Amino acid sequence: MTKYVAFALAAAVAVLQSPLAAQPAQPFVRDPKIPIDAEYTAKIKEYTTEPFFTSPLTDYLPASKTVPTPKAVLGDIAGAPGKLPYAEEVYDYMRRLEKASPRVKVVSIGRTEEGREMIAVAIASESIMAKLQDNSARLAKLADPRTINMDDAQAEALVTASTPIYYITGTIHSPETGAPTALMELAYRLVVDDHAYIKSIRDNLITLITPVIEVDGRDKMVDVYKWHLANPGKNWPGLVYWGKYVAHDNNRDAMGATLKLTENVLKAWQQWHPQVLHDLHESVPYLYDNTVGDGPYNAWIDPILADEWEMIGWNNVSEMTKFGMPGVFTHGNFDTWSPGYLMFIAALHNGISRLYETFGNGGADTVVRELRPDEYARTWYKQNPPLPKTTWSQRNNNNYEQTGLLTSLHYFAANKQLFLRNFYTKSKRSILKARTEGPAAYVLPADDPRPGTQAELLRALQKQGVEISRATAEFTVTVPGKKTPPRPTPTETAGGDGVGGPSDQAQESGAKTSAERQAQPTTRKFPAGSYIVRMDQPYSRIADSLLDYQYWSPNDPQRTPYDDTGWTFPELFNVQAVRVTDVKVLDAPIEKITGDVRAKGGVSSTGPVFIVNHNADAALATLRYRFRNASIDAAEEMFDAGGKKFNRGSFIVRNVSADDMQKAAADLGLQAVAVASAPSVKTHPVRAPRVALLHTWLSTQTEGWWRQTFDNAQVPFTYISTQQIAKDDNLGAKFDVIVFPPVGRGPEAIVNGMPMWGNALPWKKTAETPNLGSEDSTDDMRPGLGWVGVAHLQDFVRKGGLLLTVMDTADLAVSSGFTPGLSVAPRQRLRIVGSVVRSKTVDSTSPIAYGYTDNLAIWCDNGPIFNLSSIYGARGGRRLGPDDGGNRPTGRGTQDDPDVPQGRLGVEAPREERTDTWKAVPVTEEQMRNGVNVIPPAARPRVILRYADNRELLVSGLVENGTEIAQHAAVVDVPLDKGHVVVFSNNPIWRGETQGSYFLVFNALLNFDNLDAGRKLDAR
Ligand SMILES: [Zn+2]
């Protein structure tokens, strides 16, 4: 007790001396006068496998006569073996707490894709809860200092009067199961416990809890766990589906914000204005507070945030070290580069992002866990490492999660003014950003050829709370001269198709000489109607980080990037965004956009035929399916009509009423021109094909983004598994196109599936597992495509179908002999880790390229690397001759000289023409003689896009040893008998971030039976 007094005095002195410095935590002292729930406490002891796997904060439960403990709902304590509650049960408990105490308020924050509710639970003292609205209004002002004219004195008064909010989110990753029960018990403690340590949290802080973030996945996980309990001794099915669309990637959606869970948390963030978002995960033993992590840190965060990470993280480690809990650390291999993580919503919205990895067993079984040497090694940042082997329980996990959270909450509460002041300062600096570090704004020009996709990009920013303005008159800004050699901008390298490509960065000229590198500032004029994303707003940092470029040095000490290294949205969306540093842009006359940004659509002129320009806007695919019975043709060449220019691929629509067209065009943001008669241009029909989207039972993660994109574009599809392909020998009767998105497991696993030893692994809806099987179901997940399935797919193509494959499914098509003349070269030193790279159009007459201009940015993750050959079975690549890197044979003369045989007349060898990397070497006379293996010209692969030259390859992120893939084919259309196989080396549909490349896929679909249009054949 004396110790406590001394400490309290020291703390008081510290406050007087330095009101800005962080306060140390007060030690927790158990008060014997505070009653405990003896039965519950005994169970905590029973389920905790070692005394050091708990702390004085969690080794008891305070008693309450009025407030129910988690046992009321669970039938046992939080973290008990065998207990894994459904989301609804967790909510039931939280609502019972709300009923029992004025210290609790439960609100709904939205619904999931499958219609389940998401909630947030606020907990604080009665007096704080009684004035939640007033506090909320104060926090809103601190969050937007423009409302108080950036007045620090007013801010200080608000800081003093306000209670901060610490937002905790649980189980976003469904197999990481511990958080919901830990958060139920944490809520109880915060409501009931009268120890000074806990009271100081309740009296100084609002704890906001979303106990289940991935609600759809939680319920599926509980089903699987129940199946496991009902089938002892058997292997249980892996959680192949979490949310409706994606699994683990639900924590990579904070940029695109295309999932409901992200949208709902973003809305809650903008409504509540919390200071922290703390997301709970499980993987690493025993508690890795990974926000401190390792470099490189995200380049757009306020440096104040990096300090806050360190402060809270190291305090966390320090407190838990004193409790003697092993395996608590904060430095580690997680880098904080990508803003894709849910917690990062806080980081780029002036809050503090935090994340725990605790240790979990993927369910509530108590089991012996053996660690790898690197996991139990003592390191400088892990002085009390985890044990090599120990019995681990969900209760242990709950002890760690709660102890970590309680020490963090306590520390945050003790320093609430410091953190609130920081919150205000960060918000203010985000507004000042326009005039300090810049840029001043991004401008998205009114004359962008892709207004629909432009609007989509702007709506993604709006979901992030970013304010968008529109210029009401034209304006001019100064563009600085560029000092370093720029990467090529689309405007300087654009082909003849007219409009400039994706975003340039306000640099007009491609400086190639040193004189040009010192280019003088120029000016740039933007038309009225251009969108302006001003950086003098509170959420400027998220906008800047999404619109800017990323560079990850190949020499960075961090050799293993944790996730994607590049994401530049304007490039990936294929729209222009100009980074403007001239603050004059802030004086441009504007109107603020209220409501969602939408592209303006409609019909101009009159006539029975409608023409819609092809600009690769996903809405065109929607239009095709909306007017299923209409006759729509694609123009194979550019043309003029109604006084306008139309791109190759533009739609010529008949059999649609003017009213219907007007309505559709307005809905979809498309501009249609009505004409009296169709233009005289070569056309072919645009189909509304019957599409199958193919998945495995190994992983549905990456194809989920494809399903989502098809759903959003209202492109209907039948969702089938590789097992159904194996059973169906007449796929062409049902489908025109089979889309096989990446699996991420490689061809062998796709064919073989899972090993067939052990028991069957069902994935279906039963009384025991009511939440499984909503997407697809099977009695046994183990069988794969099988060789029969491969044969069925090939038969489908040969009879006229289109098989569309990507990355490892492309690998499967190539290695199974679907693509004569196309091979995959092994990757050696190439490193492209989720980067944005430049492509070049090779054949703009292919329907797959309709609507595109050159230099499309594409998302790439190490290929595959394609090679072409016109000889069946050859691996492609160049013929090595004197012209190729000096590979002449040994002989007389210099490297470029011909050799001279002695004693006879010399014969000059014919000059070997250099063949571009993306092309096949021309067939020789020698090969033509009895040319059994010479692929006929019409059956050869047709390259649509290739990777750019090495010096232009990198757009954003990391590219190392890019020469291995530079210039190689990226998108190839390979005829096979009557059908086609289209292969992608890039992933055109990824995490709601690659809108610019979506239409490569839709083009292939809509033109599946006319993919040879415009093709020029080799002479022999
Ligand atoms: Zn996780």
Side-chain angles (χ1 to χ4, degrees), residues 79 84 87 90 112 118 167-183 209-222 224-225 238-243 245-255 259 261-262 265 276-294 313 316 327-330 332-347 353-364 369 371 375 386 392 394 396-398 400-402 404-405 560-564 699-702 704 744 834 991:
L84 217 55
V90 180
T112 65
M118 288 177 71
Y167 189 12
I168 303 166
T169 50
T171 198
I172 184 172
H173 284 163
S174 305
E176 302 163 14
T177 53
T181 49
L183 292 172
I209 299 171
T210 293
V212 183
I213 284 283
E214 176 55 273
V215 191
D216 297 337
R218 172 66 177 191
D219 286 0
K220 294 179 185 112
M221 181 64 204
V222 175
V224 167
Y225 184 66
L239 199 68
V240 68
Y241 293 94
W242 302 10
Y245 293 120
V246 297
H248 193 268
D249 261 12
N250 60 10
N251 196 33
R252 302 293 184 274
D253 185 51
M255 288 193 267
L259 300 175
L261 63 88
T262 317
V265 171
V276 185
L277 182 57
H278 189 151
D279 199 27
L280 299 177
H281 290 251
E282 291 165 29
S283 63
V284 177
Y286 297 124
L287 190 153
Y288 174 28
D289 180 343
N290 85 353
T291 334
V292 172
D294 199 355
N316 213 159
V328 178
F329 63 106
T330 187
N333 68 352
F334 176 81
D335 64 67
T336 299
W337 177 246
S338 162
Y341 315 105
L342 185 84
M343 63 155 174
F344 230 72
I345 287 172
S353 55
R354 302 202 68 213
L355 193 150
Y356 282 168
E357 296 285 358
T358 55
F359 201 39
N361 292 342
R369 299 293 302 269
L371 303 186
E375 289 176 311
W392 191 257
Q394 176 140 290
N396 293 357
N397 167 287
N398 281 195
Y400 270 79
E401 281 183 337
Q402 289 188 69
L405 288 169
T560 50
Y562 201 83
D563 206 72
D564 282 359
S699 168
T700 63
Q701 157 89 359
T702 306
R991 293 180 176 172

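As the structure lists them, so they are numbered: ligands from 1, and atoms in each ligand from 1. None of these values were measured; they are calculated from a predicted model.
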Contact check: Glu176 to the Zn ion (ligand 1), N/O/S below 2.8 Å: yes
Of the N, O or S atoms in His173, the one nearest the Zn ion (ligand 1): ND1
Considering only N, O or S atoms of His281, the one closest to the Zn ion (ligand 1): ND1
Among His281, His278, His173, ring pair (Phe, Tyr, Trp, His ring centres under 6.0 Å) partner for Tyr356: His278
Passing option when Leu261 is tested against Leu342, Asp216, Thr112 for side chain to side chain contact (heavy atoms under 4.5 Å, CB included): Leu342
Pro180 side chain reached by Arg218 side chain, heavy atoms, under 4.5 Å: yes
The single option from Thr358, Thr177, Thr181 passing side-chain hydrogen bond (donor to acceptor under 3.5 Å, both in side chains) against Asn397: Thr358
